[in-house]
**Q** 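Just passing along the structure, written as structure tokens.
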Amino acid sequence: MSRVVVCGSLNMDVVVQSARRPAPGETILGAEVSFLPGGKGLNQAIASARLSVPTAMVGAVGDDAFANSLRGFLADNDVDSTGVTEVEGPATGVALIQVAEGDNSITVASGANMHFAASMLPDEPRPDEVWVAQFETPLAATQEILARAHAAGARTVLNLAPYTEHPPELLKSVDVAVLNEIELSQATGTRLDASSATDDVVAACNVLRQRGARAVIATLGARGAVVVSATGVDTIPALQTKVVDTTGAGDCFVGALASQLAAGRTPVEAARFASAAAACSVERLGAAPAMPTGDEVAARLAKA
């Protein structure tokens, strides 16, 4: 089994749970607050590591207590954090997450994440690895890292979230692109929403394939996922689940997907597994702390 290397953001998630969202100017009492490790990069690294796949995290944090907590959490989950660099000045990233009525809204203060650079990589990519990136760190670093990983023969996964305008050549270094219907709409200029026909989703995915991505996976929430590659189109139904908190479900999907690619699975096989992992993750509060183990995912697949 090869190693998964996740390059991306590390945040402390400040999660506030309430019965409903306050109206503008309104104050609601009785909410609960939790401080949980997060950031798309860290979430994806934890999702991979909890599935017993060797995983490394590369990113930037500040010189503060949150940084120490995040490093400790990575170590507790057997994630190699030697590539997490402490930068002077900016604080560790923070995400303010409002959870209400089974859904969430998120405001991110990126802090040290925006000071991450490709020069911080502790090692050069190897051909037997899977490299993962997102759009919560500087675009220039993401582009250079994926290009270096692709040139080295590593498999590359790009989660185009949160969506950011990027150079067209970026996707030429991507083996598997993963994004939801909103991000897919933004990336292709196509009108898509939760009720869009599968044919429309597939057509949008093919736009990204024409730009260079070898495979494109659209995650569609309760509708499951669609995988579009050179071998055709595969639809993956969502599994029934009791939703507690959807924060990090997409990150769980990406991390689990990378873990299975590292184990030699095809994008379709990996996406089926990742869909089950994401279904497990939404049944618990938080992002990284909610990532499931391999046994939990296997049990969910057995019930499908």
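One-based numbering along the sequence shown.
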**Q** Ignoring hydrogens and geometry, is there a side-chain-to-backbone donor-acceptor pair from Asp193 to Ser195 under 3.5 Å?
**A**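 Present.
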**Q** I'd like to check Asn159 versus Asp251 (side-chain heavy atoms, cut-off strictly below 4.5 Å). Are they in contact?
**A**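 They are in contact (side-chain heavy atoms under 4.5 Å apart), so the answer is yes.
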**Q** Please report the shortest heavy-atom distance between Pro292 and Leu51, naming the atom on each side.
**A**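 Where Pro292 meets Leu51 most closely, the heavy atoms are O-CD2, 3.9 Å.
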**Q** Kindly compute the distance separating CG (Asn43) from CE (Met291), expressed to the nearest 0.5 Å.
**A**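 Here the rounded value is 4.5 Å.
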**Q** Between the side chain of Glu183 and the main-chain N/O of Asn180, is any donor-acceptor distance below 3.5 Å?
**A**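 Flag set: sc Glu183 to bb Asn180 pair under 3.5 Å.
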**Q** Can you measure from CD (Gln17) to OG (Ser34) and round to the nearest 0.5 angstrom?
**A**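 So the CD of Gln17 and the OG of Ser34 are separated by 6.0 Å.
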**Q** Can you see which heavy atom on Ala187 is nearest to which on Leu208, and at what distance?
**A**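 In terms of heavy atoms, the two residues are closest at CB-CD2, 4.1 Å.
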**Q** Check step by step if side chain to side chain contact (heavy atoms under 4.5 Å, CB included) holds for Val244 and Val282.
**A** CA-CA 6 Å; Val244 173; Val282 301; over 6 Å; no
**Q** When you check the side-chain N and O atoms of Thr55 and Ser48, is any donor under 3.5 Å from an acceptor?
**A**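 Distance-only check passes for Thr55 and Ser48.
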**Q** Taking Asn206 for the side chain and Arg209 for the main chain, is one N or O donor matched with an acceptor at less than 3.5 Å?
**A**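 Flag not set: sc Asn206 to bb Arg209 has no pair under 3.5 Å.
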**Q** Is a side-chain N or O of Asn113 found less than 3.5 angstrom from the main chain of Ser110, in a donor-acceptor match?
**A**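 Confirmed, Asn113 side chain pairs with Ser110 backbone.
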**Q** Run Ser2 and Glu129 through side-chain hydrogen bond (donor to acceptor under 3.5 Å, both in side chains) and show every step you take.
**A** CA-CA 5 Å; Ser2 63; Glu129 295 174 328; over 6 Å; no
**Q** Take atom CD1 of Ile28 as the centre, draw a 6.0 Å sphere, and report whether it contains more than 12 heavy atoms from other residues, nucleotides or ligands.
**A**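 Yes - once you tally the heavy atoms of other residues, nucleotides and ligands closer than 6.0 Å, there are more than 12.
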**Q** Within this structure, what is the CD-OG distance for the pair Glu296 and Ser281, rounded to the nearest 0.5 Å?
**A**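 Interatomic distance, Glu296 CD to Ser281 OG, rounded to 0.5 Å: 10.5 Å.
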**Q** Test Thr92 against Leu10 for side chain to side chain contact (heavy atoms under 4.5 Å, CB included), laying out the working first.
**A** CA-CA 8 Å; Thr92 298; Leu10 303 95; 5.5 Å; no
**Q** If you measure from the Lys or Arg side-chain nitrogens to the Asp or Glu carboxylate oxygens, is any gap between Glu124 and Arg148 under 4.0 Å?
**A**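 Yes, charged N to carboxylate O under 4.0 Å.
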**Q** I'd like to check Val5 versus Pro125 (side-chain heavy atoms, cut-off strictly below 4.5 Å). Are they in contact?
**A**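 Result no, sub-4.5 Å side-chain heavy-atom pair not found.
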**Q** Please check if the side chain of Thr188 supplies one atom and the backbone of Ala204 the other of a donor-acceptor pair under 3.5 Å.
**A**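 Not at all, since once roles are kept as given, no pair shorter than 3.5 Å links the two residues.
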**Q** Taking side chain as C-beta onward, heavy atoms only, is Thr219 less than 4.5 Å from Ser275?
**A**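 No, too far: nothing below the 4.5 Å cut-off.
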**Q** Show the nearest heavy-atom pair for residues Pro167 and Gln143, with the distance to one decimal.
**A**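 Looking at all heavy atoms of both residues, the closest pair is CG-OE1, 3.3 Å.
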**Q** Side-chain contact, heavy-atom cut-off 4.5 Å: Ser69 with Pro37?
**A**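 They are not in side-chain contact.
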**Q** Can you check side chain to side chain contact (heavy atoms under 4.5 Å, CB included) on Val157 and Asp175, steps first, answer last?
**A** CA-CA 6 Å; Val157 178; Asp175 288 309; over 6 Å; no
**Q** Same cluster for Leu220 and Ile236 if Ile/Leu/Val/Met/Phe/Trp/Tyr side chains link at under 4.5 Å?
**A**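 In one cluster with Leu220: Ile236, no.
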**Q** Are side-chain heavy atoms of Val226 and Asp234 found at a separation under 4.5 Å?
**A**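 The answer is no, as the side chains (C-beta and beyond) never meet within the 4.5 Å cut-off.
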**Q** Measure the spacing between CZ of Arg71 and CZ of Phe66 and express it to the nearest 0.5 Å.
**A**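 Result: 14.5 Å between the selected atoms.
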**Q** Identify the two heavy atoms, one from Val228 and one from Val202, that lie closest to each other, and give their separation to 0.1 Å.
**A**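 In this case the closest contact between Val228 and Val202 is CG2-CG1, 4.1 Å.
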**Q** Does any N or O in the side chain of Ser229 come within less than 3.5 Å of the main-chain N or O of Val227, such that one atom is a donor and the other an acceptor?
**A**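 No; judged by distance alone, with no hydrogens or angles, the pair does not exist.
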**Q** Taking Arg284 for the side chain and Ala290 for the main chain, is one N or O donor matched with an acceptor at less than 3.5 Å?
**A**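 Answer holds: yes.
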**Q** Within the supplied structure, the quantity of interest is the number of heavy atoms (other residues, nucleotides, ligands) at a distance under 6.0 Å from Glu88 CD; does it exceed 12?
**A**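 Result for CD/Glu88: open.
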**Q** Identify whether Phe253 and Val268 are in the same connected component of the hydrophobic contact network (ILVMFWY, side-chain heavy atoms under 4.5 Å).
**A**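 Yes, because Phe253 and Val268 connect within a single hydrophobic cluster, where side-chain heavy atoms sit under 4.5 Å apart.
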**Q** Same cluster or not: Leu139 versus Ile145, using hydrophobic residues (I, L, V, M, F, W, Y) connected whenever any side-chain heavy atoms lie under 4.5 Å apart?
**A**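 No, it is not one cluster - the side chains of Leu139 and Ile145 are not joined through contacts under 4.5 Å.
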**Q** Decide salt bridge (Lys or Arg N to Asp or Glu O under 4.0 Å) for Glu26 and Arg20; before the verdict, give the C-alpha distance in whole Å, the side-chain angles of both, and the deciding distance to 0.1 Å.
**A** CA-CA 11 Å; Glu26 179 185 15; Arg20 61 179 177 82; 2.6 Å; yes
**Q** Rounded to the nearest 0.5 Å, how far apart are CG of Leu179 and CD1 of Ile217?
**A**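 Separation between the atoms: 10.0 Å.
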**Q** Do the side chains of Gln134 and Val6 get nearer than 4.5 Å, heavy atoms only?
**A**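 Yes - at least one pair of side-chain heavy atoms lies under 4.5 Å apart.
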**Q** Specify the closest pair of heavy atoms between Ala60 and Met120, including all atoms of both residues, with the distance to one decimal.
**A**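 Distance-wise, the nearest heavy atoms are CB-SD, 4.4 Å.
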**Q** Compare every heavy atom of Ala218 with every heavy atom of Leu184, then report the nearest pair and how far apart it is.
**A**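 Nearest heavy atoms, Leu184 then Ala218: CD2-CB, 4.1 Å.
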**Q** Are Val87 and Val61 linked, directly or through other ILVMFWY residues, by side chains that come within less than 4.5 angstrom of each other?
**A**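 Unlinked, Val87 and Val61 end up in two clusters.
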**Q** How long is the span from the CG atom in Leu146 to the NZ atom in Lys172, to the nearest 0.5 Å?
**A**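 The CG atom of Leu146 sits 14.5 Å away from the NZ atom of Lys172.
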**Q** Answer yes or no: is there a side-chain heavy-atom contact under 4.5 Å between Val178 and Leu158?
**A**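 A side-chain contact under 4.5 Å is absent here.
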**Q** Run Gln186 and Glu181 through side chain to side chain contact (heavy atoms under 4.5 Å, CB included) and show every step you take.
**A** CA-CA 9 Å; Gln186 294 170 322; Glu181 68 266 30; over 6 Å; no
**Q** Mind checking whether Leu70 and Phe35 sit in one hydrophobic cluster, side chains of I, L, V, M, F, W, Y counted as touching below 4.5 Å?
**A**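 Looking at the clustering, Phe35 is in the same group as Leu70.
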**Q** Checking Arg126 side chain against Ala149 main chain: does a donor-acceptor pair fall under 3.5 Å?
**A**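 No, the answer is negative, given that no donor and acceptor are paired below the 3.5 Å cut-off.
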**Q** Compare all side-chain heavy atoms of Glu283 with those of Arg300 and state whether any distance is below 4.5 angstrom.
**A**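 Yes. Closest side-chain heavy atoms under 4.5 Å.
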**Q** State which residue, out of Arg214, Arg155, Gln260, fulfils the side-chain contact (heavy atoms from CB on, under 4.5 Å) condition with Pro267.
**A**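 Of the listed residues Arg214, Arg155, Gln260, the side-chain contact (heavy atoms from CB on, under 4.5 Å) partner of Pro267 is Arg155.
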**Q** Is it the case that Thr82 and Asp80 place a side-chain donor and acceptor less than 3.5 Å from each other?
**A**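 Yes, Asp80 and Thr82 have a side-chain donor paired with an acceptor closer than 3.5 Å.
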**Q** Checking side-chain hydrogen bond (donor to acceptor under 3.5 Å, both in side chains) against Ser9, which of Gln44, Lys40, Glu136 comes through?
**A**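 Exactly one pass, corresponding to Glu136.
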